[in-house]
> 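The structure's right below; bear with me while I get my questions together.
Quick note on labels: first sequence line is chain A, next is B, and so on, each numbered from 1.
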Amino acid sequence: MIDIKLLREDPDTVRASQRARGEDAGIVDQILAAEEQRRSSLTAYEQLRAEQKSIGKDVARAQGEEKQALLARTKDLSARVKELDASATAAQQEFDTLLKRVGNIIEPGVPSGGEDDYAVREIIGTPRDFAAEGFEPKDHLDLAEGLDALDMARGAKVAGSRFYFLKGVGARLEMALFNVAMQQAVAAGFVPMITPTLVTPQVMAGAGFLDAHADEVYRLEADDLYLTGTSEVALAGYHAEEIIDLSNGPIRYAGSSTCYRREAGSYGKDTRGIIRVHQFNKIEMFVYCDPADAAAEHERLLGWEQQMLANIEVPYRIIDTAAGDLGGPAARKYDCEAWVPTQGRYRELTSTSNCTTFQARRLGTRFRDADGRTQVAATLNGTLATTRWLVAILENHQQPDGSVVVPEALRPFLGLDVLTPTR
RNA sequence: GGAGGCGUCGCCUAGUCCGGUCUAUGGCGCCGCACUGCUAAUGCGGUUUGGGUUUAUCGCCCAUCGAGGGUUCAAAUCCCUCCGCCUCCGCCA
């Protein structure tokens with residue numbers, strides 16, 4: 001949720017942000033009208049309510065006929081107060097509904113447009129030339145099956161399409177990767193967290209995942225809970241309705257969780273292997289900080305992602321996601337995309353978003369600034385490792401015989417230098 | 001799953017039985033001022049959060065006693081539902 005004060009004082013910035021996202025700029029005027037309505041009906045209610053309370057005190061003191069007269073008056077008043085209360089509540093709801101439809105104000109410099117209008121910020125490393133090496137690279141599924149590291153067929157048997165078993169060295173590789181990620185996070189001062197993967201509707205909505213992403217989310221109707229698609233959700237809810245202490249700098253959490261995504265509307269896309277699956281694991285960085293520090297913290301998160309990507313030694317690029325592809329809560333988003341040789345293109349491995357105060361405002365997470373006043377905190381998130389990283393590791397480090405060289409940084413955690421095919 | 005107890009503005013706590021004078025008591029902590037050679041002690045004042053009004057301030061008003069409903073002219077207080085914590089019983093990885 002954006003700041004109504006900003007919308008009131010600088011509606012043009014909000015309109016420009018909406019246009020860059022390809023969304024309705026006209027909503028700004030609707031909100032201003034609804035806000036006007038909200039305030040006037042609230043004032044009307046409060047005035048009458050004050051009168052009612054004041055007469056209430058007289059009632060308590062009065063006796064006999066005087067008391068009866070006051071009671072008659074205040075009975076009538078009571079009914080009118082109820083009416084005004086109802087209309088003030090309705091105006092507030094109308095206003096809230098409209099305000100929640102506005103995405104976060106994009107940061108200056110974010111490219112306008114949709115999914116394909118990203119700007120490439122940097123390209124790191126060079127893809128291997130398999131032709132020059134004299135062999136055709138296998139895709140991650142062929143490699144993993146050769147290593148007996150992945151069982152898609154039985155995943156489908158047990159849970160349906162887009163489910164899988166990581167097996168043997170596949171399971172070990174993921175655990176090694178996650179251990180490296182957690183070790184790095186702890187060294188950087190992050191507090192490790194293993195989070196709930198089921199959350200209440202309030203938390204899911206507060207984190208911003210019931211707006212545009214509602215189709216993506218699994219819901220457990222019998223219990224009125226949602227399965228989270230990232231530990232960001234639980235970590236955003238962690239300090240909901242709290243005033244947190246940021247006087248010692250940002251609070252940084254490294255969340256580890258299984259992630260669940262319905263992948264609705266992606267039928268036929270990425271059906272091979274574990275690029276796009278309903279369930280995977282992830283280590284996620286999540287930060288609460290002073291909004292004034294948020295842009296700098298965003299760069300730091302990107303830096304930690306890059307440090308982690310360097311550990312797996314794959315070529316990748318960094319893109320500055322276009323406004324229309326940001327999702328509601330993000331003001332800016334950088335994705336790191338690794339080169340996938342058999343696809344001849346870059347695929348997302350990490351994503352770091354600066355949500356500024358958007359999430360925290362809705363969740364009620366505030367801090368005390370230097371003047372002792374409460375202010376809405378900023379939240380940011382970024383990926384440190386996911387199951388999908390295995391795709392990039394396997395494909396980029398494969399050898400002609402189907403074996404895979406283990407990146408140096410993973411070896412101490414995996415206990416293997418090379419993964420060798422079993423068939 | 002069953003029975004009982006509890007939930008008050010940072011922490012502790014009074015108030016709930018019996019609705020109105022609660023503008024929620026007191027202590028601790030914290031902040032400011034005064035006093036003091038310094039510290040301590042002492043005294044005085046302040047100290048939930050959100051919103052409205054005004055906006056340079058002061059101020060005034062509304063809401064907030066776990067959450068949401070209800071009864072009533074009036075609810076921390078009475079009723080209902082839910083949540084959380086504690087104790088006991090039952091069941092079970």
Side-chain angles (χ1 to χ4, degrees), chain A residues 1-10 31-100 195-206 219-226 233-234 237-248 251 258 288 291 357-378:
Chain A
M1 193 162 63
I2 65 163
D3 187 356
I4 180 62
K5 278 194 204 113
L6 174 80
L7 188 140
R8 223 155 47 196
E9 286 160 15
D10 190 4
I31 292 171
L32 288 171
E35 152 77 344
E36 197 55 46
Q37 180 61 35
R38 173 186 80 96
R39 288 199 289 175
S40 64
S41 57
L42 187 61
T43 301
Y45 158 74
E46 285 184 353
Q47 275 173 1
L48 210 64
R49 172 70 178 149
E51 192 184 339
Q52 184 194 23
K53 283 176 67 172
S54 144
I55 294 178
K57 278 175 191 147
D58 296 338
V59 171
R61 277 189 289 269
Q63 292 296 324
E65 263 182 45
E66 192 194 353
K67 186 161 192 161
Q68 293 312 310
L70 280 171
L71 277 180
R73 210 176 128 202
T74 191
K75 267 181 191 168
D76 173 55
L77 204 56
S78 171
R80 282 164 59 214
V81 165
K82 274 197 180 107
E83 279 167 30
L84 288 176
D85 186 15
S87 62
T89 303
Q92 176 74 47
Q93 275 170 358
E94 166 75 8
F95 166 73
D96 283 343
T97 304
L98 284 170
L99 191 63
K100 279 176 186 164
T195 65
T197 52
L198 284 167
V199 299
T200 62
Q202 291 77 18
V203 169
M204 192 52 105
R219 173 157 183 248
L220 277 75
E221 197 167 356
D223 300 285
D224 200 17
L225 291 169
Y226 291 93
V233 179
Y238 189 69
H239 287 303
E241 305 301 330
E242 290 182 23
I243 297 174
I244 56 175
D245 182 6
L246 293 180
S247 60
N248 297 317
I251 297 176
T258 301
Y288 293 89
T357 57
F358 189 92
Q359 269 182 340
R361 179 168 295 105
R362 203 188 277 190
L363 287 161
T365 304
R366 294 144 295 159
F367 70 104
R368 256 176 239 291
D369 63 22
D371 299 324
R373 275 191 281 264
T374 57
Q375 249 194 67
V376 178

> If I take atom CD in residue A:Glu46 and atom C1' in nucleotide B:G52, what distance separates them, rounded to the nearest angstrom?
5 Å

> Provide the Watson-Crick or G-U wobble partner of B:G43, both distances under 3.5 Å; none if there is no partner.
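Pairing partner, where one exists within any strand: B:C33.
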
> Do A:Val376 and A:Pro291 have side chains that approach each other closer than 4.5 Å (heavy atoms only, starting at C-beta)?
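Answer no - side chains too far apart.
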
> Determine the contact category for A:Ile243: base if any of its heavy atoms lies under 4.0 Å from a base atom, sugar-phosphate if only primed atoms, P, OP1 or OP2 are that close, otherwise nothing.
sugar-phosphate

> Between protein and nucleotides 65-84 of chain B, map the contacts as a letter string: B base, S sugar-phosphate only, - none, heavy atoms under 4.0 Å, written 5' to 3'.
--------BS----------

> Kindly compute the distance separating CD1 (A:Ile244) from OG1 (A:Thr365), expressed to the nearest 0.5 Å.
6.5 Å

> Quick one: side-chain contact (heavy atoms from CB on, under 4.5 Å) partners of A:Thr97, sequence neighbours excluded?
none

> Please enumerate all residues that pass salt bridge (charged side-chain N to carboxylate O under 4.0 Å, His left out) together with A:Glu35, with sequence neighbours excluded.
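For A:Glu35, the residues satisfying salt bridge (charged side-chain N to carboxylate O under 4.0 Å, His left out) (neighbours in sequence not counted) are A:Arg8, A:Arg38, A:Arg39.
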
> Would you kindly compare A:Ala50 and A:Glu35 by the position of their nearest RNA chain B nucleotide and give the one closer to the 5′ end?
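Comparing both residues, the 5'-ward one is A:Glu35.
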
> Please report, rounded to the nearest Å, how far the P atom of B:G51 is from the CZ atom of A:Arg373.
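The distance from CZ of A:Arg373 to P of B:G51 comes to 13 Å, rounded to the nearest Å.
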
> Tell me what A:Arg73 touches on the nucleic acid: a base, only sugar-phosphate, or nothing, going by heavy atoms under 4.0 Å.
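A:Arg73: no heavy atom of the nucleic acid under 4.0 Å.
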
> More than 12 foreign heavy atoms under 6.0 Å from OH of A:Tyr238: is that the case here?
no

> Is there a side-chain polar atom (N or O) of A:Arg38 under 4.0 Å from OP1 or OP2 of B:G51?
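So the side chain of A:Arg38 is outside the cut-off, no N or O lying under 4.0 Å from OP1 or OP2 of B:G51.
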
> Is A:Asp371 salt-bridged to A:Arg373, going by a charged N under 4.0 Å from an acidic O?
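Yes, A:Asp371 and A:Arg373 are salt-bridged.
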
> Report yes if at least one side-chain N or O of A:Arg366 is closer than 4.0 Å to OP1 or OP2 of B:G50; otherwise report no.
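For B:G50, OP1 or OP2 has a side-chain N or O of A:Arg366 closer than 4.0 Å.
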
> Give the rounded distance in Å between these two atoms: CZ of A:Arg8 and C1' of B:G51.
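In whole Å, B:G51 C1' and A:Arg8 CZ are 11 Å from each other.
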
> A:Arg368 side chain N/O closer than 4.0 Å to the phosphate oxygens (OP1, OP2) of B:G10?
no

> Without decimals, in angstroms, what is the distance between A:Lys53 NZ and B:G52 P?
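Nearest whole value for this atom pair: 18 Å.
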
> In terms of the nearest nucleotide of RNA chain B, which residue is placed more toward the 5' end: A:Gln47 or A:Thr43?
A:Thr43

> On a whole-Å scale, what distance lies between the P atoms belonging to B:A93 and B:G7?
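Result for the P pair: 37 Å, nearest Å.
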
> Does B:C85 have a Watson-Crick or wobble mate here (both distances under 3.5 Å), and if so which one?
B:G5

> What is the distance, to the nearest angstrom, from the NE2 atom on A:His239 to the P atom on B:U49?
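About 18 Å, once rounded to whole Å.
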
> Measure from CG on A:Asp369 to C1' on B:U49 and round the result to the nearest Å.
15 Å

